[in-house]
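One structure below.
Below, chains carry the letters A, B, ... as their sequence lines are ordered, and counting in each starts from 1.
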Amino acid sequence: MAKILSSKEESYSQWYNDLVVKADLAENSAVRGCMVIKPYGYAIWEKIRDTLDGMFKETGHSNAYFPIFIPKSFFSREAEHVEGFAKECAVVTHYRLKQSDDQTGLVVDPDARLEEELIVRPTSETIIWDTYRGWIQSYRDLPILVNQWANVVRWEMRTRLFLRTAEFLWQEGHTAHATREEAVEETRQMLGIYADFAEKWMAIPVLKGVKTESEKFAGAEDTYCIEALMQDGKALQAGTSHFLGQNFAKAFDVKFLNRQNQLEYVWATSWGVSTRLMGALIMAHSDEHGLVLPPRLAPIQVVIVPIFRNEEQFSAIRAVAEKMVKDFKACGIRIKFDDRDTHKPGYKFTEHEFRGVPLRIALGPKDLENHTVELARRDTLTKEILPMEGITGHIEQLLETIQDNLLAKAKAFREANIHKVNSWNEFKETLENKGGFLYAHWDGTPETEEKIKAETKATIRLIPLEGDPEDGVCVYSGKPSKQRVVFARAY
RNA sequence: CGGGAUGUAGCGCAGCCCGGUAGCGCGCUUCGUUCGGGACGAAGAGGCCGGAGGUUCGAAUCCUCUCAUCCCGACCA
């Protein structure tokens with residue numbers, strides 16, 4: 001079995017970059033910080049998108065679309081929001097190019113300056129709340145449950161394929177409610193949907209919690225998040241859901257008349273996941289043979305590789321393979337018959353393995369003779385010979401087994417990397433030698449949080465939602481604490 | 001914006017010190033043998049050596065200036 005990747009232990013980031021490129025998921029583009037998502041990578045994203053889209057609709061949300069450009073003035077309406085995003089905005093200042101005076105190329109036409117500059121959206125709260133003002137007069141207009149699938153731009157200094165790119169794809173839900181309680185409930189519901197999706201589809205267990213004041217979304221009252229643990233012991237924020245209070249309603253003057261005929265500001269939420277999930281997916285399961293995909297998200301779940309010496313054998317195999325493809329498709333299994341005659345079987349084995357196809361069927365003359373197939377599992381790298389009869393049902397089952405196995409493996413890994421630490425020395429030592437999630441007492445002050453970050457690069461990933469209250473003392477300051485929070489180094 | 005490095009064939013690199021016909025591996029094309037874990041042989045195609053200036057009879061190589069990219073830090077889903 002071919003090992004094409006550098007070892008994860010040697011250089012995890014090298015391993016990750018090579019994998020993304022070699023598995024045909026994405027590549028760097030001519031534009032700094034922006035990626036090209038290749039067809040195979042995009043197919044995975046489409047599965048993620050379509051599944052989540054269905055879950056949003058199940059819970060009463062509808063899709064809509066708002067402009068990519070946001071008037072600069074909108075941003076300054078919400079003080080925290082503008083402060084959070086101002087440093088990373090792309091700005092449109094002109095609307096026309098012209099031939100340069102010396103005729104050597106195009107220049108920006110100075111006469112075509114925009115009266116008001118436009119921001120390329122880093123997120124859409126402002127434009128959406130400006131729009132909602134016109135949609136909402138009465139409690140009868142509420143709630144508004146809208147989501148949009150879009151691209152956004154955040155001018156990042158350092159970028160990495162999928163994990164942090166200047167432009168990325170995401171969904172952003174923006175809801176408006178008549179009461180605080182309802183908005184909080186929505187925020188938590190969507191967090192639950194993200195957590196559910198991560199576990200059931202991506203086979204990634206996540207922690208749910210609330211961000212600290214310094215880590216929360218600019219403009220939110222509370223930011224909820226799911227955090228996943230990557231194989232190198234670093235945490236990755238996989239999704240966020242914000243309770244925005246009445247901040248944006250106040251900034252954009254969005255009021256409604258309640259049942260008591262009183263004017264009130266509207267309550268808001270927003271929530272999102274991005275193409276970053278692709279990074280999580282890759283780093284959660286893959287190995288030195290390449291990508292490992294959970295069957296539920298794999299664009300191709302089963303591939304059939306024919307083995308033949310001559311045209312006669314090939315056509316005999318083709319007949320059997322095409323019948324199998326038909327049977328599998330009838331069961332809703334995504335199967336592909338790799339009938340290219342331009343590559344040899346060994347090459348195809350490696351290639352599909354690299355791209356994370358969960359199951360591979362090899363079909364050769366011996367199999368036709370014995371009515372068998374050779375079945376190889378990507379997650380365990382094991383092979384077995386099975387009778388052709390009943391193969392469809394067997395594989396249907398096996399795909400579920402693989403899905404479960406990946407989640408179980410990821411869970412076991414996470415359990416092994418959760419550490420309760422009780423002293424500052426223990427904190428530093430564990431972080432350095434083991435990584436993972438550190439459960440530790442914290443005195444609740446941003447100052448301590450900041451100092452810990454400066455000294456160790458570890459941040460508070462979240463305050464657990466279902467944390468057991470437990471009296472203790474802050475690992476750093478020794479001041480009293482009521483609950484452990486989760487620290488980690490993060491992406 | 002600080003610190004470090006690199007620009008030579010589609011990709012990965014050597015050549016540069018010591019100036020003199022531009023090379024290697026992979027990939028690509030054709031033919032033949034192969035085909036149950038990235039096949040082998042033979043023959044081919046492909047490059048103003050990032051750009052501009054200079055030194056020289058002669059520059060990938062020396063000098064100056066530029067542009068770009070990557071890595072490491074400060075910011076972030």
Nearest-Å distance, [atom1] ([X]) to [atom2] ([N])?
X         : N       : atom1 : atom2 : result
Arg377(A) : rG37(B) : CZ    : P     : 21 Å
Glu156(A) : rC1(B)  : CD    : C1'   : 16 Å
Phe349(A) : rG36(B) : CZ    : P     : 8 Å
Gln14(A)  : rC72(B) : CD    : P     : 11 Å
Tyr347(A) : rC26(B) : OH    : P     : 14 Å
His343(A) : rG37(B) : NE2   : P     : 17 Å
Glu288(A) : rG37(B) : CD    : P     : 22 Å
Asp341(A) : rA39(B) : CG    : C1'   : 16 Å

Hunt down the Watson-Crick or G-U wobble partner of [N], both distances under 3.5 Å, from any strand shown, or write none.
N       : result
rC48(B) : none
rU6(B)  : rA68(B)
rA60(B) : none
rU21(B) : none
rC1(B)  : rG73(B)
rA43(B) : rU29(B)

Taking only the side-chain nitrogens and oxygens of [X], find out if one of them lies under 4.0 Å from OP1 or OP2 of [N].
X         : N       : value
Lys87(A)  : rC75(B) : no
Arg32(A)  : rC70(B) : yes
Lys348(A) : rG36(B) : no

Check whether any side-chain heavy atom of Tyr194(A) sits under 4.5 Å from a side-chain heavy atom of Tyr224(A), and report yes or no.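 Tyr194(A) vs Tyr224(A): side chains apart.
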
Heavy-atom distance under 4.5 Å between the side chains of Thr240(A) and Cys225(A), does that happen here?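 When only atoms from C-beta onward are counted, Cys225(A) and Thr240(A) do touch, with a gap below 4.5 Å.
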
Shortest non-hydrogen contact from Ala488(A) to Gly436(A)?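 Residues Ala488(A) and Gly436(A), closest heavy atoms: CB-O, 3.6 Å.
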
What orientation do [X] and [Y] show, parallel under 30°, tilted 30 to 60°, or perpendicular over 60°?
X         : Y         : answer
Phe217(A) : His242(A) : parallel
Trp170(A) : Phe168(A) : perpendicular
His81(A)  : Phe75(A)  : parallel
Trp267(A) : Phe243(A) : parallel
Trp201(A) : Phe197(A) : parallel

Whole-Å [atom1] distance, [N] and [M]:
N       : M       : atom1 : answer
rU30(B) : rC67(B) : C1'   : 41 Å
rG50(B) : rA9(B)  : P     : 8 Å
rC40(B) : rA45(B) : P     : 23 Å
rG15(B) : rU61(B) : P     : 15 Å
rU8(B)  : rG46(B) : C1'   : 14 Å
rA59(B) : rG20(B) : C1'   : 10 Å
rC11(B) : rU69(B) : P     : 16 Å
rC17(B) : rA74(B) : C1'   : 38 Å

The side chain of Glu353(A) is closest to which nucleotide in this list: rG37(B), rG36(B), rC75(B)?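 Side chain of Glu353(A) sits closest to rG37(B).
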
Considering only rC75(B), rG37(B), rG73(B), which nucleotide approaches the side chain of Lys457(A) most closely?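 Nearest to the side chain of Lys457(A) among the choices is rG73(B).
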
Taking RNA chain B as the partner, which of residues 305-318 of chain A come within under 4.0 angstrom of it by heavy atom?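 The answer is Ile307(A), Phe308(A), Arg309(A).
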
Indicate, with a heavy-atom threshold strictly under 4.0 Å, whether [X] touches base, sugar-phosphate, or nothing.
X         : answer
Arg360(A) : base
Ser13(A)  : nothing
Gln237(A) : sugar-phosphate
Phe168(A) : base
Leu163(A) : base

Side-chain donor-acceptor pair under 3.5 Å between Thr59(A) and Gln189(A), yes or no?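 No pair is found: no donor N or O on one side chain lies under 3.5 Å from an acceptor on the other.
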
Could you pick out which residue, Tyr491(A) or Arg158(A), lies toward the 5' side of RNA chain B when each is mapped onto its nearest nucleotide?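 Checking each residue's closest nucleotide, the 5'-ward one belongs to Arg158(A).
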
Determine whether any donor atom in the side chain of Lys383(A) lies under 3.5 Å from an acceptor atom in the base of rG37(B), or the reverse, and answer yes or no.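 Donor-acceptor pair under 3.5 Å: yes.
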
Please say which of Lys348(A), Arg340(A), Gln313(A) ends up in a side chain to side chain contact (heavy atoms under 4.5 Å, CB included) with Pro306(A).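 Of the listed options, the one satisfying the test is Lys348(A).
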
